[in-house]
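Report on the following structure.
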Amino acid sequence: MHSCMIGPFSASAAVLHCPSGRQHDGILRTLPKSTISMSLAKVNTPYIMLKGLKDLARSMKFKTWLLDQFGVLHDGQRPYPGVIETLNGLVNVGAKLVVLSNSSKCTELTIQRLANLGFDPSLFSGVITSGELTYQHLFRRQDPWFAKLGHRCIHMTWSERGSISLEGLGLEVVEEPEIADFVLAHGTEGLEKVDGSIQCTELGDLEAVLMSTVKRGLPLIVANPDYVTVEARALTVMPGTLGRKYEQLGGHVKYMGKPDPVIYQAAEELTGEKAAEMIAVGDSLLHDICGAAIYGIHSVFIAGGIHADELGIDHIGDQLKVEALESLFHQQSIYPSYVIPMFHW
């Protein structure tokens, strides 16, 4: 049984800051078309360097903390040092914790995985994944865009990481672009065949399929907008890479996770609180920090995640080099509200 709780991208051009008043004129020319019209949040003060989250948490400035998974809470194999203590500290001061993840998996499986990694699920007020939101939108078809969508899809999924089930959606998996209505990307390791088996497929071969589908004008739904994720210090290619390629080919992409505002709207619905009362914690400038800024949410950038190599960080928790941070922020034209080496109390 599925329960909820959605969202596009690439950035540069106008500088994004996490918030204080909103502005409507500094449009990000390199954001996807669906995001260009969104208002951007801007702050006139520089980001603040933190050694830990204790003082910020105790200030009670933010009621809800939106937490990314990989690169923040864990590396896919185990929690980072001090993370459990930090989660307990936040809950003890009255903070509401919500996992906000660009994961292809549904909410139920994500909660199970967190429990298997040693996290107490009761610490979280909710879990929102892009995979769950993709499922719900395809199932309900209340959104006009989804309501017009056909039911025959080419399904790009995972093999070694575990394929994503389409059960209950009334979809027909097809292998020929000529008879497909759309492309659904849950993963980057394989293609689902009509008999339900998964054919392991190289990334280049998946891109070749996209070259065929874009010629037919088929839309691509990306259930995980991340480009890469951190797994035990290694970077794994995510479906967002396919979305970026499809846009470069001229195709239409529907992203179902950060940084699209739809996932933050889901967080507001879940918590009953507004953007000003939330703070987002993440390690991806292009997804976590940019997405929060677009929606008017303050953010904490975890430097030891996917940008660790760019920042010259060899071990999580290493002292940060201000020059490297400034260079990265300037290069991406995205600035967080706060910066911290790791998710630490």
Side-chain angles (χ1 to χ4, degrees), residues 2-9 69-70 76 100-113 127-141 145-146 149-175 177 180-210 213 218-229 231 236-247 251-258 260 262-263 266 287:
H2 278 74
S3 56
C4 174
M5 289 312 134
I6 13 178
F9 178 103
Q69 281 194 93
F70 290 82
L100 203 68
S101 175
N102 277 356
S103 169
S104 303
K105 298 184 182 299
C106 67
T107 293
E108 184 178 355
L109 290 178
T110 299
I111 293 173
Q112 289 177 3
R113 179 171 193 165
V127 173
I128 303 174
T129 71
S130 53
E132 181 69 45
L133 292 172
T134 300
Y135 186 96
Q136 293 297 333
H137 275 66
L138 284 169
F139 178 75
R140 296 174 181 172
R141 299 198 174 228
W145 190 89
F146 282 90
L149 207 59
H151 290 79
R152 293 173 298 182
C153 73
I154 290 177
H155 187 207
M156 298 180 175
T157 186
W158 300 111
S159 55
E160 293 182 7
R161 295 167 63 91
S163 63
I164 306 297
S165 173
L166 304 182
E167 183 180 358
L169 292 177
L171 297 178
E172 177 187 353
V173 173
V174 298
E175 300 175 32
D181 296 314
F182 66 97
V183 184
L184 175 59
H186 275 113
T188 61
E189 294 176 340
L191 283 166
E192 183 174 355
K193 301 179 72 64
V194 293
D195 63 3
S197 63
I198 306 301
Q199 176 184 318
C200 293
T201 311
E202 295 293 330
L203 189 62
D205 293 326
L206 292 178
E207 292 181 347
V209 173
L210 294 179
T213 58
L218 302 185
L220 168 65
I221 300 174
V222 176
N224 179 338
D226 283 351
Y227 298 144
V228 295
T229 193
E231 292 188 317
T236 301
V237 177
M238 293 286 111
T241 299
L242 297 174
R244 179 169 56 183
K245 176 67 174 180
Y246 210 57
E247 286 184 319
H252 175 71
V253 181
K254 188 76 167 178
Y255 293 95
M256 298 301 293
K258 297 175 286 188
D260 193 276
V262 70
I263 197 166
H287 296 89

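Not measured: the values here are computed from a predicted model. Throughout, residue positions are numbered sequentially from 1 according to the sequence presented.
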Does some side-chain heavy atom of [Y] sit less than 4.5 Å from a side-chain heavy atom of [X]?
X	Y	answer
C153	L166	yes
P219	Y246	no
L210	M156	yes
V174	I154	yes
L206	K245	no
T236	M238	yes
T129	K105	no
Y255	I263	no

What are the two closest heavy atoms between [X] and [Y], and how far apart are they?
X	Y	value
V194	V173	CG1-O, 3.4 Å
L220	A185	CD1-CB, 3.9 Å
P177	T213	CB-CG2, 3.9 Å
S101	K258	CA-NZ, 4.2 Å

Nearest-0.5 Å distance that lies between atom [atom1] in [X] and atom [atom2] in [Y]:
X	Y	atom1	atom2	value
Q199	S159	CD	OG	10.5 Å
E192	S165	CD	OG	8.0 Å
D226	S130	CG	OG	7.5 Å
S104	E132	OG	CD	12.0 Å
L184	L138	CG	CG	6.5 Å

Original post:
Relative to each other, are the rings of H252 and W145 parallel, tilted or perpendicular (30° and 60° limits)?
Top reply: tilted
Subject >> Heavy-atom neighbours of Q112 CD exceed 12 at 6.0 Å >> reply: yes
Please check: side-chain N/O of [X] versus main-chain N/O of [Y], any donor-acceptor pairing under 3.5 Å?
X	Y	value
T157	G190	no
H151	G170	no
R141	F146	yes
T201	E189	no
N224	N102	yes
W158	I164	no

